[in-house]
Amino acid sequence: MTERPIRCYLIAHQGPQDRTDQIMDHLAELAELARACGMESVGKHQLKRATVESRSYYGRGQVEAVAAEARRNEAEFLICDDELSGSQVRNIEKITGLRCMDRTGLILSIFEQRAKSREAKAQVELARCEYELPRLKGAWTHLERQVGGVGVRGGPGETQIEVDRRMIRARIGQLKKELVHLEQVRETQRQGRLPDIPRVALVGYTNAGKTCLLRALTGEGEPADMLFATLDTTTRKAWLGQDEETGEPRQALVSDTVGFIRKLPHQLVAAFRSTLGEVRTAEALLVVADAANPEVEDHLKVVGETLRAIGCGEHPRLLVLNQVDRLTRPQRIDMKRLHPDAVQTCALSKSGLEDVRTWILDLVPGPPKPRELEAWEIG
Ligand SMILES: Nc1nc2c(ncn2[C@@H]2O[C@H](COP(=O)(O)OP(=O)(O)OP(=O)(O)O)[C@@H](O)[C@H]2O)c(=O)[nH]1
Ligand SMILES: [Mg+2]
């Protein structure tokens, strides 16, 4: 008998400035994140509110109403698209009797499930520790209150928090040390690569088709219809053809990388510093986007911001508008008007790939170009 996936109900805050269709798209993305975490979403709702409420973020009344709906659909979890504090999560759990998780917690759980390499595991654990550290306090307030009183300090609650904090800080120290070591190994590997082969990195929003493009260019990579299918950087050689004169093969190294997402937890960006180092040290970037996603322009903004945040704002880049097979002809023409310098591709049928190869070829140092001899050389 197959086990039924855990059911969850999704909610998001909608402020006076937020468009309803945009919040619905964010909730659809949250449902995909839940699916990537092995959960099934059974409903979603946007909670309108001018300002957030400090105790329960969305306000007690709205939370209660939504929890009743969630329970009717047999949901065990409430998943919130907004970043909540530890005490807000606990207050919502107390009000609803359901378990509650915020967006950052959900993304961290996906990364925890996916991490395979030692480096990815250490990076994700570091991000988890950084996420939990400021959230510890609230977990013990019930104990603090037990011993609390005017002028009373210490007590079992506070001591336990201190012990937990110390342990997490010690673990953070260990993990950082391990990651520095792994980064050195990566750096040595990088220096061992052939110097005259340029390296391009595939970057972009998660599920855009980066791994599919790696496969189309190099013959390797396992694409999956799943957010954050790729966590580890993979670098493979792409054959770009032969040099017309010398017959030498012309090639480039192509790196597939972890995808970006709106509100990517900053703990993860910091923890993935060395993996993302592969992007920083690449000569050029192929910025991949799912052209058929209604939010594609917002995705591109997120990618631009993330690239700037990791110090790659200036890298030469080619915009690859992928999945254009899912667009109508007029939509493709509109895209061309909006992004005239971009290449439109379908990674599945490999259409448009020749343009990508031609662009990469410009980075490959070929044999010296024939030059006209000057008079003094001819004699
Ligand atoms: N129709 C269509 N589907 C595509 C195309 N490129 C990729 N896909 C599909 O999109 C899904 C995601 O592709 P991936 O290559 O895994 O995407 P990714 O950017 O590597 O995603 P993450 O590693 O999860 O960040 C897969 O189901 C692919 O089959 C395309 O050009 N057209
Ligand atoms: Mg991938």
Side-chain angles (χ1 to χ4, degrees), residues 28-38 106-117 119-120 123-124 200-236 238 254-265 268-269 272 275-276 278-279 282 285-296 298-300 302-304 306-307 310 317-329 331-332 335-336 339 342-357:
E29 181 179 89
L30 194 66
E32 279 301 300
L33 283 169
R35 185 171 75 87
C37 200
L106 181 62
I107 294 177
L108 281 173
S109 297
I110 299 171
F111 273 58
E112 278 162 350
Q113 288 179 14
R114 292 275 190 292
K116 286 203 191 74
S117 70
E119 190 176 26
Q123 286 168 329
V124 176
V200 292
L202 290 159
V203 294
Y205 211 78
T206 182
N207 219 30
K210 301 175 293 298
T211 305
C212 231
L213 279 165
L214 178 81
R215 195 179 178 83
L217 288 167
T218 70
E220 291 184 66
E222 288 302 326
D225 186 13
M226 182 68 71
L227 304 191
F228 298 118
T230 309
L231 284 203
D232 287 305
T233 305
T234 315
T235 303
R236 294 287 178 267
V254 183
S255 297
D256 186 16
T257 61
V258 59
F260 302 155
I261 198 164
R262 187 177 65 84
K263 294 202 242 165
L264 185 65
L268 275 175
V269 179
F272 271 67
T275 305
L276 291 170
E278 292 289 314
V279 178
L285 308 178
L286 296 173
V287 178
V288 187
D290 172 4
N293 191 302
E295 293 278 294
V296 61
D298 280 334
H299 290 183
L300 285 174
V302 169
V303 172
T306 315
L307 286 175
I310 61 171
R317 64 195 60 189
L318 174 69
L319 176 58
V320 181
L321 293 171
N322 191 38
Q323 311 211 18
V324 291
D325 54 301
R326 300 204 288 126
L327 294 182
T328 60
R329 221 180 120 70
Q331 284 175 321
R332 289 176 69 156
M335 272 282 163
K336 189 79 205 158
H339 302 285
V343 170
Q344 299 196 356
T345 61
C346 166
L348 299 182
S349 70
K350 301 194 181 179
S351 85
L353 263 281
E354 241 357 88
D355 294 340
V356 176
R357 285 199 193 91

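A quick note: this is a predicted structure, and the numbers were derived from the prediction, not measured. Just follow the structure's listing: the first ligand is 1, and inside any ligand the first atom is 1.
- Between the side chain of Arg357 and the backbone N or O of Ala238 there is no donor-acceptor pair closer than 3.5 Å.
- At the shortest separation from atom 16 (O) of ligand 1 among protein heavy atoms lies Ala224 N, 3.0 Å.
- Between Cys346 and ligand 1, a contact under 3.5 Å exists for no N or O pair.
- Residue-to-ligand polar distances keep Glu222 apart from ligand 1: every N/O pair is separated by 3.5 Å or more.
- Taking any N or O of Phe228, backbone or side chain, at least one lies under 3.5 Å from an N or O belonging to ligand 1.
- Gln113 places a side-chain N or O within 3.5 Å of a backbone atom of Cys37 that can act as its donor or acceptor partner.
- Distance check, rounded to the nearest 0.5 Å: OG1 of Thr345 to CG of Leu348 gives 9.5 Å.
- In this structure, the protein non-hydrogen atom closest to atom 23 (O) of ligand 1 is Thr230 OG1, 2.8 Å.
- In this structure, the side chain of Gln344 does not engage the main chain of Gly352 through any donor-acceptor pair within 3.5 Å.
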Please determine whether side-chain contact (heavy atoms from CB on, under 4.5 Å) holds for the pair Val203 and Leu276, giving the CA-CA distance in whole Å, both sets of side-chain angles, and the decisive distance to 0.1 Å.
CA-CA 10 Å; Val203 294; Leu276 291 170; over 6 Å; no
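- Taking 2.8 Å as the criterion, Thr230 counts as a coordinating residue of the Mg ion (ligand 2), since one of its N, O or S atoms falls below it.
- For atom 10 (O) of ligand 1, the closest heavy atom belonging to the protein is Gln323 NE2, 3.4 Å.
- Metal site remark for the Mg ion (ligand 2): Thr211 contributes an N, O or S atom at a distance under 2.8 Å.
- Short contacts between ligand 1 and Arg326, defined as distances under 4.0 Å to a heavy atom of the residue, involve ligand atoms 1 (N).
- At a 3.5 angstrom cut-off on N or O pairs, Ala347 counts as close to ligand 1.
- In this structure, the side chain of Asp290 does not engage the main chain of Asn207 through any donor-acceptor pair within 3.5 Å.
- In terms of protein heavy atoms, atom 32 (N) of ligand 1 is closest to Asp325 OD1, 2.8 Å.
- Thr235 contributes no side-chain N or O that, together with a main-chain N or O of Ser255, makes up a donor-acceptor pair within less than 3.5 Å.
- Shown in contact with Leu227 at under 4.0 Å from a heavy atom are these atoms of ligand 1, numbered in order with element: 24 (O).
- For the side-chain hydrogen bond (donor to acceptor under 3.5 Å, both in side chains) with Tyr205, the lone residue among Glu29, Glu295, Lys210 that qualifies is Glu29.
- The shortest N or O to N or O distance between Lys210 and ligand 1 is below 3.5 Å.
- Checking side-chain atoms of Asn322 against main-chain N and O of Val288 turns up no donor-acceptor pair under 3.5 Å.
- Atom-to-atom distance recorded for Leu286:CG and Leu217:CG is 7.0 Å, nearest 0.5 angstrom.
- If you number the atoms of ligand 1 from 1 as listed, the ones under 4.0 Å from a heavy atom of Pro223 come out as 14 (P), 15 (O), 16 (O).
- A salt bridge does not link Asp256 to Arg215: none of the charged side-chain nitrogens sits closer than 4.0 Å to a carboxylate oxygen.
- Ranking protein heavy atoms by distance to atom 24 (O) of ligand 1, first place goes to Ala229 N, 2.7 Å.
- For ligand 1, the atoms lying closer than 4.0 Å to a non-hydrogen atom of Thr206 are 22 (P), 24 (O), 25 (O).
- An N or O contact shorter than 3.5 Å links Asn207 to ligand 1 by distance.
- The shortest N or O to N or O distance between Ala208 and ligand 1 is below 3.5 Å.
- Nearest residue to atom 28 (C) of ligand 1 from Ala216, Gly209, Cys212 is Cys212 (criterion: closest heavy atom).
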